[in-house]
Amino acid sequence: MSADPILEIHGLSHDGRGVARLDGTVVFVVGGLPGQQVRARVLRRKPRFWEAASTEVLRQTPDAVPPLCPHGDACGGCPLQTLPQARQLAWKRTLVLDALERVGGLPRPELEALLGPVAASPATTRFRNKMELAFGPDAAGLPVLGLRERGGRRVTPVPGCTLLPPEALRMAAAAQNLAQDLARRNGLNAWNAPEQRHQPARRRQSRTFQNRMLLGRDAEQAGGFWRFLTLRRGLAADLRSPRWWALCLTSPGDATARAAVRGLGRELLAAFPHMAAFVHEERGRADALTLGERRVDVLDATGRSRPEAARLHLPLLGRFFTLDVASFFQVNTSAAQILARTALDLLPEGGEELLDLYCGVGAPGLLLAPAFSRLYGVEQDARAVALARENAAGLSVDHCRYAAGDAALLLQERTATADMVLADPPRAGLAPAALAALLRLRPRSILYISCNPATLARDAALLREGYRLARLAAVDLFPHTPHVECLSLWQRL
Ligand SMILES: C[S@@+](CC[C@H](N)C(=O)[O-])C[C@H]1O[C@@H](n2cnc3c(N)ncnc32)[C@H](O)[C@@H]1O
């Protein structure tokens, strides 16, 4: 086909792409929204469907709202931003119902009866308390800091992003300028399309690899140095003063590179009085994860090294949780209150033991704890486990214990069941071994909190063998994106 086809978008896929048909073939269109007629560039032709990107909107969807930000055409961050909020919520409800019906095998009428409207996020702009900004090279090879472009891996700067307050955007702009200065002076370049590079994992980087992190003719194929800058907003130790924390993730560097990052951190801290700490971590593996493998330094607001400065505090239903700048916590503070309240409302009754799987720093399990005689929390991140213990002490929950480790392994070792399991896994859902162990232990109820309807539905298909879906709710924690958070309560048959 020579010319770009014109497509009528009639639906949305689970990942927020428009769905169209061309001569009977399904086409998934990046940037296409239902009701639009678009011209699209075909990116890939697969046997059962094609993939395309919208290049021009020829007819707008009738109830479209103005774009939230000036980056909607370039940035992949908020693909649903021109759909009215009510339509976004309605689509997310359908997404959950479709997944649980088609993959989970649950009857549609039952699901329709259980699932009310998706709870809206109280704020739809500037609601993020955390943003992971990626570094990538610009056309001249200099580092830019922003979000992934629509339908691609390149990084596009987002100085007008409406998910963050202006102060955070100024911090990002300042960090980008400083990284560019360092790239010019020291040759430290930005990470480049990591997951296509197939670099083997390395603990100690070879000299060749170190050299490849420098700007130069190899830069296109190499990894790169600057990877991510995560900005996080929380409360200082007085639990009142809002502050910012910055976590800079780089590839492993030598003493000069580390000193350069320290210098960048000190300049940011000096320029932004509301920045409480700057943390530097390194990751050697060639992937796109934002997870540091080694913490290099924590600078407090005065620019001195002080590991405790990496802690911040966030509220949940009137209680405060302490976390580390790298710990998991819900990123939409106001919608997280609705999520936690819904979890409490779904809780059927108390009992002897609550097993809190994937417990993070203890939220929301510690809020459910008063209804149980014992709480046992399991989390892979040892730092989060230490904080969960502290949070339990801070909330005067003393009938609890926590273990650091893989949820599946810890479940497999268990022989005694629990009355209630709270399972809040990452997007991949329950590991097959964890699900098999749960089905063997047969707790009376399972409250499964999921941020991915597809994996929830996959797990639901197995849970159905021994459980009945008793309650179902959904909360919009990520307006303008295809993401939706589901809470499902399963009762033993
Ligand atoms: C969606 S978060 C939920 C955390 C917490 N319940 C909260 O709401 O703040 C998932 C958590 O699972 C942890 N995790 C990921 N894989 C794990 C595993 N295999 N075993 C135990 N914990 C895991 C992550 O570190 C993360 O803290």
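Order of appearance sets the numbers: ligands from 1, and atoms from 1 within every ligand.
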- Query: Parallel, tilted or perpendicular for Phe321 and Phe329, by the 30°/60° rule?
  - Reply: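 Ring orientation of Phe321 relative to Phe329: tilted.
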- Message: Tell me every residue that passes side-chain hydrogen bond (donor to acceptor under 3.5 Å, both in side chains) with Arg243, counting only those two or more places apart in sequence or in another chain.
- Response: none
- Task: Show the protein residues that qualify under the rule heavy atom under 4.0 Å from an atom of ligand 1, listing them in chain and number order.
- Result: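 Around ligand 1, where the cutoff is 4.0 Å for heavy atoms, the contacting residues are Phe328, Tyr358, Cys359, Gly360, Ala363, Pro364, Glu379, Gln380, Gly405, Asp406, Ala407, Asp424, Pro425, Pro426.
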- Is Glu349 paired with Arg444 through a side-chain N to carboxylate O contact shorter than 4.0 Å?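 Answer for the salt bridge query: yes.
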- Are Arg108 and Asp98 close enough for a salt bridge, meaning some N to O gap below 4.0 Å?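 Between Asp98 and Arg108 there is a salt bridge, with a charged N closer than 4.0 Å to a carboxylate O.
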- Query: Which pairs pass side-chain hydrogen bond (donor to acceptor under 3.5 Å, both in side chains) with one or both residues in residues 464-478, sequence neighbours excluded?
  - Reply: Lys92-Asp476
- Message: Under the salt bridge (charged side-chain N to carboxylate O under 4.0 Å, His left out) definition, can you give me all pairs with a residue in residues 392-418, not counting sequence neighbours?
- Response: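 Passing the test, one end in residues 392-418: Glu353-Arg414.
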